[in-house]
Amino acid sequence: KAGVTQTPRYLIKTRGQQVTLSCSPISGHRSVSWYQQTPGQGLQFLFEYFSETQRNKGNFPGRFSGRQFSNSRSEMNVSTLELGDSALYLCASGTGAGANVLTFGAGSRLTVL
Amino acid sequence: AQTVTQSQPEMSVQEAETVTLSCTYDTSESDYYLFWYKQPPSRQMILVIRQEAYKQQNATENRFSVNFQKAAKSFSLKISDSQLGDAAMYFCAYTGANSKLTFGKGITLSVRP
């Protein structure tokens with residue numbers, strides 16, 4: 001059973017640019033969540049999608065957005081990048097029900113110069 | 001809002017010994033789940049163990065067990081017979097009705113050969 005796949009694994013951008021990260025969940029999982037991990041702030045919840053609808057949203061500015069497709073794959077987009085957006089972005093998939101135990105991907109490491 | 005506190009930033013254990021990682025949380029919800037995740041240097045977040053709040057029995061997964069004290073809102077992880085491969089960052093996490101994970105700051109565990 002394939003795990004959660006995130007692409008790209010590493011990327012470097014400059015301030016002001018935008019970036020799109022992709023996440024393919026485990027087959028059969030309908031929930032996809034995104035987390036930002038930084039040394040200073042730790043792990044912070046960005047948003048969760050379930051059946052193509054945003055079900056939860058964290059406290060991030062509107063520059064951070066996401067979507068989910070009918071095949072449950074998800075993308076997150078960050079526009080007008082700032083230096084502080086440098087982070088490891090983790091995607092996790094789950095069934096979306098009950099404990100909704102999450103399985104994480106390996107992450108996308110974004111560096112903003 | 002729910003909070004998760006891991007007050008120890010680092011711990012060290014001798015190989016084959018037992019170590020306990022502490023975690024406290026705060027919530028007004030009655031139905032929730034608690035987790036311990038492991039993040040090795042590879043950055044892949046791995047679920048170690050989970051506990052349903054309504055279950056009085058402490059969860060156990062091989063060498064890993066928890067001490068869940070619901071009234072005290074405490075959720076510690078005990079690792080028995082520590083192995084070199086246990087060296088990683090460990091995160092305590094909470095999820096309730098809104099299905100998002102709230103993480104603690106994490107603790108870095110080193111294992112001495």
Side-chain angles (χ1 to χ4, degrees), chain A residues 2-6 8-10 23 25-26 29-51 53-60 66 68 86-111, chain B residues 1-10 21 23-25 27 29-55 57 59 61 64 66 68 75 88-108:
Chain A
V4 179
T5 303
Q6 290 189 247
R9 290 291 311 278
Y10 302 91
C23 173
I26 289 173
H29 282 186
R30 296 165 65 190
S31 166
V32 173
S33 302
W34 290 89
Y35 291 81
Q36 182 196 63
Q37 185 175 22
T38 60
Q41 298 299 317
L43 283 149
Q44 294 186 287
F45 172 75
L46 280 155
F47 27 64
E48 180 202 7
Y49 287 87
F50 180 79
S51 293
T53 301
Q54 188 179 85
R55 189 159 72 168
N56 279 301
K57 189 178 189 303
N59 296 322
F60 278 81
Q68 187 180 33
S86 295
L88 180 69
Y89 290 88
L90 293 167
C91 167
S93 77
T95 60
N100 193 29
V101 176
L102 298 183
T103 301
F104 283 82
S108 293
R109 168 75 67 185
L110 170 65
T111 300
Chain B
Q2 294 77 29
T3 59
V4 177
T5 303
Q6 294 178 254
S7 56
Q8 307 155 302
E10 297 179 352
L21 311 182
C23 172
T24 59
Y25 62 96
T27 183
E29 295 179 304
S30 58
D31 189 17
Y32 53 88
Y33 299 84
L34 296 163
F35 306 87
W36 278 97
Y37 279 91
K38 169 186 178 182
Q39 189 178 40
S42 67
R43 311 300 292 182
Q44 180 98 37
M45 194 79 76
I46 302 164
L47 177 66
V48 175
I49 198 166
R50 80 175 193 191
Q51 174 78 43
E52 291 88 342
Y54 63 86
K55 287 188 177 180
Q57 187 172 7
E61 289 287 343
F64 299 87
V66 299
F68 174 47
F75 183 61
M89 196 146 186
Y90 287 81
F91 292 93
C92 178
Y94 168 104
T95 190
N98 65 8
S99 77
K100 77 169 192 178
L101 275 175
T102 300
F103 287 91
K105 290 290 188 185
I107 178 171
T108 300

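Quick note on labels: first sequence line is chain A, next is B, and so on, each numbered from 1.
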- [ ] Kindly check if the number of other-residue, nucleotide or ligand heavy atoms within 6.0 Å of NZ (B/K55) is above 12?
- [x] no

Task: CZ-CZ distance between A/R109 and B/R43, expressed to the nearest 0.5 angstrom - done: 5.0 Å

Open item on the list: Just so I know, are the side chains of A/V101 and B/Y33 near enough to count as touching, which here means a heavy-atom distance under 4.5 Å?
Closed with: no

Open item on the list: For B/Y37 and A/L102: C-alpha separation, side-chain torsions, deciding distance, then whether side-chain contact (heavy atoms from CB on, under 4.5 Å) applies.
Closed with: CA-CA 10 Å; B/Y37 279 91; A/L102 298 183; 3.7 Å; yes

Task: Side chain, backbone, both or neither of B/K100 within contact of chain A (heavy atoms, under 4.5 Å) - done: both

Task: Engaged part of A/Q44 at the chain B interface, taking heavy atoms whose separation is under 4.5 Å - done: neither

- [ ] Tell me, with the steps shown, if A/L90 and B/Q39 meet side-chain contact (heavy atoms from CB on, under 4.5 Å).
- [x] CA-CA 12 Å; A/L90 293 167; B/Q39 189 178 40; 4.2 Å; yes

- [ ] Looking only at non-hydrogen atoms, find the nearest pair between A/G105 and B/Q44 and report the distance.
- [x] C-NE2, 3.4 Å

Open item on the list: For A/Y35, which atoms come within 4.5 Å of any heavy atom of chain B: side chain, backbone, both, or neither?
Closed with: side chain

- [ ] Decide yes or no for B/L101 and A/F104: does some side-chain heavy atom of the first lie under 4.5 Å from some side-chain heavy atom of the second?
- [x] yes

Open item on the list: Less than 4.5 Å to any heavy atom of chain A: does that hold for the side chain of B/Y32, its backbone, both, or neither?
Closed with: neither

Open item on the list: Looking at every non-hydrogen atom in both residues, tell me the closest pair between A/Q41 and B/K105 and how far apart they are.
Closed with: O-NZ, 3.5 Å

